Amino acid sequence: MTCLARFGSDRRALCAALLLATAPLTGAQSNSPSQDPSGSPTEAQADPIPVMLPHPESDRIWLSGQANFISQWHPAFSSPYQGPNSLAPEAQDASSRVLTLFTGLRLSKTSEILCDVQETGGHGIGEALGLAGFTNLDVVRNPTLSKAPYIAGLMWHQIIPLGSTKIAAERTALSLFSELPKRRVEVRFGKLGLAQFFDLNTYGTDSNFQFMNWTVDNNGAYDYAADTRGFTYAAMVEYHSARISLRFAEALMPKVANGIHLDANLARARSENVEIELHRSFLPQHEGILRLLAYVNHANMGSYRQAIDDFRAGISALPEITAHPLRTTVKYGFGANLEQPLNDWLGVFARWGWNEGHHESFAYTEVDATALSGVGASGKRWHRKFDRAGLAFVTNGISQDHRQYLALGGRGFLLGDGRLNYARENILEAYYTLHAWRGAYPSFGFQYVDHPGYNRDRGPVLVPTLRLHLEL
């Protein structure tokens, strides 16, 4: 990763990189590939290498890297007022980067250890304030974090076979095994991101290749346990069979909302997460997947209703969700996640999520209810198998207590316009990711956000996006 040039926040630098990346396009994925003397395409031309450097053939070792650069901007938008946590209405732009080194060592046929190192930098528009469905998933809401590299993942992965039948498996940075028992239990323990394993979706999960909005790639109402960067320490158990998977994780919660430090006292703070994954053929020859999720968080979370009552009683000058004694409260929620391929290049997906909304948004974003529908496509239909495209619409909402808290001038860790004329935050996002050459993937996207921060008085906000992803 040290050989990568560090991108600054200047959008022109990213534009130049995108132009350079697309320069060898015709040689990478031509619609009319060159042919060998026999008249058939050569193997290299028919299946171009989708990474910069070939990975080791041995399945004992994994070494790879990624670099993701995102540049976004928005023109000026209507805003009769704004507060300390508002997205600024003046035109602005910002760029971010995430550099990741993935390593892994398979110790036996059933065990391995994985370690990932990450470095992040840059900014999001408005420093990630003012939107519940923020436009850049690579950005965290804490500009004071150290820019030094950090351990993003360090986990033990153990396979427990439940039968002798084996199936082929695709090796990834999260699992090095080239084959797995068809029926098995998997155990993971260590530092990881719950969103790497829960609420996944083929068409809307990966901000490197797919959508970039927080509430499109993830369920916005899933306030999953994580520190500011999105990671936690957890123990996770999964059961896999041909038609059903079950997973459960016990994870550490942050000490404060959106905090970088985790609370190691499980009697005081913890998170239980459970998901069932059902594989069914909803359409002939095209198996769909339905995932049902539930979670319960125990942490030092404030109550919106208590903050409102204290303000009205004159105890505080403004509603303040963090002004309460140290205590453990409970927040719970549910989610559903559907994906359905329509053919070998096009599919649809949907999400629904809800949480109880009485206690403060603590770890992910300020969403208490969400509904999403979208479509995803690969370029296989137009002879560009590594290209991707997608379109999605998501509508987010908050509870009655949460909206009243914001309307009276309260602030969450993301939102706070000083007052609120409530409306659901509606977001439309589209993207196209191009496979330019080997592991170079430039992307162009667009987001339209109506009622930013649930405020009917502000917006809409238009956010064009350029992204360059490098697979090493």
Side-chain angles (χ1 to χ4, degrees), residues 80-87 128-134 141-142 215 220-226 228 253-259 261 263 265 267-272 294-334 353-370 395-425 451-458:
Y81 56 87
Q82 62 188 86
N85 281 9
S86 295
L87 177 65
L129 290 173
L131 298 173
F134 189 67
R141 170 60 202 122
N142 191 340
T215 56
Y222 180 24
D223 202 16
Y224 63 88
T228 307
M253 290 289 289
K255 291 184 176 181
V256 298
N258 195 44
H261 300 294
D263 193 334
N265 186 340
R268 181 175 58 205
R270 64 190 184 277
S271 174
E272 288 89 30
Y295 73 95
V296 180
N297 291 342
H298 311 256
N300 182 34
M301 298 174 287
S303 162
Y304 291 115
R305 176 49 51 190
Q306 180 181 343
I308 293 168
D309 291 344
D310 288 349
F311 165 69
R312 288 178 169 167
I315 297 175
S316 58
L318 288 172
E320 178 51 65
I321 193 69
T322 62
H324 59 80
L326 181 63
R327 62 187 180 186
T328 298
T329 54
V330 176
K331 180 175 184 176
Y332 60 90
F334 306 95
W354 175 91
N355 65 58
E356 46 90 38
H358 299 306
H359 297 95
E360 65 178 312
S361 299
F362 205 71
Y364 187 44
T365 188
E366 294 196 49
V367 174
D368 299 325
T370 186
T395 177
N396 301 316
I398 51 177
S399 68
Q400 181 65 40
D401 287 351
H402 197 164
R403 68 183 74 167
Q404 189 174 9
Y405 172 81
L406 294 175
L408 292 172
R411 280 187 282 172
F413 66 83
L414 289 175
L415 304 182
D417 291 335
R419 48 182 154 145
L420 185 68
N421 181 12
Y422 177 76
R424 293 184 70 92
E425 184 181 80
H451 313 140
Y454 309 108
N455 201 331
R456 192 186 304 273
D457 293 339
R458 308 182 77 240

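Side-chain atoms are counted along with the backbone in the values below, which use heavy atoms only and exclude waters and symmetry mates. Given the structure is predicted, the values throughout are model-derived calculations rather than measurements.
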To the nearest 0.5 Å, how far apart are [atom1] in [X] and [atom2] in [Y]?
X: L414; Y: N85; atom1: CG; atom2: CG; value: 7.5 Å
X: F413; Y: T322; atom1: CZ; atom2: OG1; value: 13.0 Å
X: N300; Y: N265; atom1: CG; atom2: CG; value: 11.5 Å
X: S361; Y: N355; atom1: OG; atom2: CG; value: 6.5 Å
X: H359; Y: M301; atom1: NE2; atom2: CE; value: 6.0 Å
X: T328; Y: R268; atom1: OG1; atom2: CZ; value: 7.0 Å

Residue list, side chain to side chain donor-acceptor pair (under 3.5 Å) with [X], at least two apart or on another chain:
X: Q404; answer: R305
X: E272; answer: R270, H298
X: Y295; answer: none
X: T365; answer: none

Could you tell me whether a side-chain N or O of [X] sits under 3.5 Å from a main-chain N or O of [Y], the two making a donor and an acceptor?
X: E425; Y: G133; answer: yes
X: T370; Y: N396; answer: no
X: E356; Y: K331; answer: no
X: T329; Y: A299; answer: yes

> For residues 408-422, which residue pairs qualify under side-chain hydrogen bond (donor to acceptor under 3.5 Å, both in side chains), counting only residues two or more places apart or in two chains?
Replying inline: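 The answer is S86-D417, D417-N455, N421-D457.
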
> Which residues pass the salt bridge (charged side-chain N to carboxylate O under 4.0 Å, His left out) test with D310, sequence neighbours left out?
Replying inline: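 With sequence neighbours excluded, D310 shows a salt bridge (charged side-chain N to carboxylate O under 4.0 Å, His left out) to no residue whatsoever.
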
> Looking at residues at least two apart in the chain, or sitting in another chain, which of them share a salt bridge (charged side-chain N to carboxylate O under 4.0 Å, His left out) with R327?
Replying inline: none

Those residues that, when tested against [X], pass side-chain contact (heavy atoms from CB on, under 4.5 Å) (two or more places apart):
X: A407; result: L420
X: A423; result: H451, R456
X: Q400; result: R403
X: T395; result: A371, F393, R424, N426

> Step by step, would you call L406 with Y304 a side-chain contact (heavy atoms from CB on, under 4.5 Å)?
Replying inline: CA-CA 9 Å; L406 294 175; Y304 291 115; over 6 Å; no

Could you tell me whether the side chain of [Y] reaches within less than 4.5 Å of the side chain of [X], counting heavy atoms only?
X: F311; Y: L408; value: yes
X: Y224; Y: S271; value: no
X: V367; Y: Y454; value: yes

> Going by the angle between their ring planes, with limits at 30° and 60°, are F334 and W354 parallel, tilted or perpendicular?
Replying inline: parallel

> Among pairs that include at least one residue of residues 359-368, which meet salt bridge (Lys or Arg N to Asp or Glu O under 4.0 Å), considering only residues two or more places apart or in two chains?
Replying inline: none

> What are the two closest heavy atoms between A221 and G353, and how far apart are they?
Replying inline: CB-C, 3.5 Å

